[in-house]
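Just so it is clear, the model here is predicted, and its values are computed rather than measured.
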Protein chains: 2
Amino acid sequence: MTPTIHDVARRADCSIKTVSRVINAQPHVRPALRERVEAAIAATGYAPNLNAQRLVKKRTGALCVLTSTSEYYLAPDVLASAIDLARSSDYDLLLHIDNDQPSSRKQLASLIAGRRLDGLIITPPCDTNPFLTELLNHHPLPHVFIDPFNRDNASPYVATDDLVGARDLTTHLLDIGHRRIAFLKGNPNLRASVDRLTGYTQALAQRGIPFDPKLAANAMGTFEGGYNAVRLYLSGGTRPTAFFCVNDHAALGVLFALQEMNVRVPRDISVCGFGNHPLGARVFPGLTTVHQPVQEMITAALRLLLSILGGGQPASPTLLPSALVLRGSSGSAPGA
Amino acid sequence: MTPTIHDVARRADCSIKTVSRVINAQPHVRPALRERVEAAIAATGYAPNLNAQRLVKKRTGALCVLTSTSEYYLAPDVLASAIDLARSSDYDLLLHIDNDQPSSRKQLASLIAGRRLDGLIITPPCDTNPFLTELLNHHPLPHVFIDPFNRDNASPYVATDDLVGARDLTTHLLDIGHRRIAFLKGNPNLRASVDRLTGYTQALAQRGIPFDPKLAANAMGTFEGGYNAVRLYLSGGTRPTAFFCVNDHAALGVLFALQEMNVRVPRDISVCGFGNHPLGARVFPGLTTVHQPVQEMITAALRLLLSILGGGQPASPTLLPSALVLRGSSGSAPGA
DNA sequence: TTATCTTATGACAACGTTGTCAAAATTGTT
DNA sequence: AACAATTTTGACAACGTTGTCATAAGATAA
């Protein structure tokens, strides 16, 4: 039988309450007794029963990261630090993949309406899922957004400065002689997509280069989208000298298509992505991109959530900086 | 205040036990009363308190996938089906990234010795982590291995038939004319690494081609390992006509190095990986590889674990088939 | 020493479920 | 109609903690 607090108390010849005090590092236990209890804990191999604690403390002890399969690269190593952080605050970190399918909805409802969570971290594009909004309306739950579409929202959030990142990268391309830079747009329901496009146009405007709508095509932010966009572009008349893609997935599609068509990158055409997905460092040539601190965003969001749960004040939104990552896929414009 | 079973009972004018019966779909409730209770549940928005249930049922309600950051591609979409499956059996699926660092160890100990889990799924190379073994020795916990190093182990496991996969791919390379096929080895503590090498040598043997130890170099199963191995090989005398890498990570490193050195793939040298990591479909040329059904392995392992927890018999080990995935990175041997 | 204040300790009732078992209600049998 | 057999229902004690509050034990002051 696994030992309970009673076994420890009996062994240390004291009350269960005293053991409880020792476990929870509470004051009002004399050193001698404290030691006796600690010895008893060690001897019995006692560990407090989580469910009993949670029951009386009225906490579920679970937080959840709500994510869609598509947008972020949430591989375990990215999550590791968040899992770590959560556990050190005595929370389990769950993961829910919200694909808006019936089964996913049902489970989401069971999580939220079933009061199985203490808090929620919502990554895009889940923040624009009306089913979720509805659910949260009826069943209030502390939550934090990552990169939400609507920043005027009352809920706290963490985001990257996509606009500046995109502007900087575009400016860099202009600096190395590019004048015809195509922008491959993404999902317009994502804050990041919109901001990146804005950053692109702002950079052009700063150099007095008119925005040419023909240079802004839709790639849906997917590999296939990027791939198809290139096929379309290169069959047309004037080529761009660079493709700036709303994210790395699209950029990899572009790269693939160009290499397939024997277009030399970056000699003939430069390719840039956004996000600094690990894949970008594995393809040849390495993908020039903008680093988006996904891991930092998640841990920042979790920290925010924990501070809310801890009764802290509703911390102010955080904007994390992005940073250029220059690799082989970009270079001077042909003839520049 | 969130409603409890008492609120429902009061409203339905019956005992809490009856409500409990209805919740748990147990017999011995007359239809009329059952309906009244259901109405009361709907009216109050009642959902049972998980911790109370788990406390009395003596379950933690948590399973954990133990993974190392390196070996498998456990992105959320791969985990999605397992998370789904777990939740439909009323378990939370946790994730622990075991990097054998002090902090990771501490948390692993807290999970296992603290009896915070009902079961464990262990992915390689965690199965060879002595700290874990020790921990499980002292604190027995139902667990299932994925691709364990030692298959004679008493614990049930799920694995892929790496040997056959590697043999098939090697045979394919032989079929299209390759004779000097380099094999880039991986972590010798991984069952998969060993089996893949064996598959390679078996295929050679079947065709009467002697195994040349010079053609078997160590790439550690990493991108950098593959990259460095190529640099080493190509500076030497006779080139291989194909590189068969223990996994896709190494293969991507090989591909990168070759492209950097202007070696044409597959015209000059073919490159193959193992695992069918999503990256392999995103690079140009697409990576020829062997599909390893990671998602199926995880769900199979979970199903096994659930059946054990459900008191089923210790189901027999499962070997899932692998399958060739031929893409652009492999082709006929030069001059063949 | 005695009165007073502070600090330690423990009894006992929560927390919200499910399991056990006895009692009540219903059904079937003669 | 009376009795037995069955089904339905509920009272109450678990489960293993923490919080409340009363009391016991020390420390301090006179």
S.K.: What is the distance, rounded to the nearest whole Å, between atom CD of B:Gln26 and atom P of D:dT9?
M.R.: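 The distance from CD of B:Gln26 to P of D:dT9 comes to 13 Å, rounded to the nearest Å.
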S.K.: At their closest point, which heavy atom of B:Arg59 faces which heavy atom of B:Asp90, and how far apart are they?
M.R.: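 Where B:Arg59 meets B:Asp90 most closely, the heavy atoms are NH2-O, 3.4 Å.
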S.K.: Determine yes or no for a side-chain-to-main-chain donor-acceptor pair under 3.5 angstrom, with B:Asn24 supplying the side chain and B:Gln26 the backbone.
M.R.: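 Side chain of B:Asn24 to backbone of B:Gln26, a donor-acceptor pair under 3.5 Å: no, none is there.
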S.K.: For residues 293-304 of chain B, please give each side-chain donor-acceptor pair under 3.5 Å, one per line with the distance, not counting sequence neighbours.
M.R.:
unit_1: B:Gln295; atom_1: NE2; unit_2: B:Ser81; atom_2: OG; d: 3.4
unit_1: B:Thr299; atom_1: OG1; unit_2: B:Gln295; atom_2: O; d: 3.2
unit_1: B:Thr299; atom_1: OG1; unit_2: B:Glu296; atom_2: O; d: 3.1

S.K.: Pairs under 3.5 angstrom, nitrogen or oxygen only, protein versus nucleotides 7-9 of chain C, please.
M.R.:
unit_1: C:dA8; atom_1: OP2; unit_2: A:His28; atom_2: ND1; d: 2.9
unit_1: C:dT9; atom_1: OP2; unit_2: A:Arg30; atom_2: N; d: 2.9

S.K.: Taking only residues two or more places apart in sequence, or in another chain, which ones meet A:Asp127 in a salt bridge (charged side-chain N to carboxylate O under 4.0 Å, His left out)?
M.R.: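 Counting only residues at least two positions away or on another chain, A:Asp127 forms no salt bridge (charged side-chain N to carboxylate O under 4.0 Å, His left out).
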S.K.: For residues 46-64 of chain A, which residues have at least one heavy atom under 4.0 Å from DNA chain C?
M.R.: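 A:Leu55, A:Val56, A:Lys58 - these, ordered by number, are the residues of the stretch whose heavy atoms sit under 4.0 Å from the strand.
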S.K.: Nearest whole Å is fine: how far is C:dT17 C1' from B:Asn24 CG?
M.R.: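 Value for this atom pair: 9 Å.
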S.K.: Residues two or more places apart in sequence or in another chain: which of them pass side-chain contact (heavy atoms from CB on, under 4.5 Å) with A:Lys58?
M.R.: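 Per chain and number, A:Lys58 pairs via side-chain contact (heavy atoms from CB on, under 4.5 Å) with B:Met1.
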S.K.: Atom CD1 of B:Ile23 to atom C1' of C:dG16: distance rounded to whole Å?
M.R.: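 In whole Å, C:dG16 C1' and B:Ile23 CD1 are 10 Å from each other.
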S.K.: Measure from CZ on B:Arg10 to P on D:dA11 and round the result to the nearest Å.
M.R.: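 Nearest whole value for this atom pair: 13 Å.
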S.K.: Tell me: CD1 of A:Ile16 to P of D:dT17, nearest whole Å?
M.R.: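 Spelled out: CD1 on A:Ile16 to P on D:dT17 is 9 Å.
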S.K.: To the nearest Å, how far apart are B:Arg36 CZ and D:dT8 P?
M.R.: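 So the two atoms are 15 Å apart, to the nearest Å.
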S.K.: Is there a donor in the side chain of B:Asp118 and an acceptor in the side chain of B:Thr60, or the other way round, less than 3.5 Å apart?
M.R.: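 There is such a pair (donor and acceptor under 3.5 Å, judged by atom type) between the side chains of B:Asp118 and B:Thr60.
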S.K.: Verify, without hydrogens or angle tests, whether B:His6 (side chain) and B:Thr4 (backbone) share a donor-acceptor contact under 3.5 angstrom.
M.R.: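 Looks like no, no N/O pair under 3.5 Å.
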S.K.: Please report, to 0.1 Å, the donor-acceptor pairs under 3.5 Å made by any side chain of residues 119-126 of chain B, with sequence neighbours excluded.
M.R.:
unit_1: B:Thr123; atom_1: OG1; unit_2: B:Leu66; atom_2: O; d: 2.9

S.K.: To the nearest Å, how far apart are B:Lys17 NZ and D:dA13 P?
M.R.: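 Going from B:Lys17 (NZ) to D:dA13 (P), I get 15 Å.
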S.K.: Under 4.0 Å between a side-chain N or O of B:Ser20 and OP1 or OP2 of C:dT17?
M.R.: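 Indeed not, no polar side-chain atom of B:Ser20 lies that close.
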S.K.: Please check if the side chain of B:Arg21 supplies one atom and the backbone of B:His28 the other of a donor-acceptor pair under 3.5 Å.
M.R.: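 Not at all, since once roles are kept as given, no pair shorter than 3.5 Å links the two residues.
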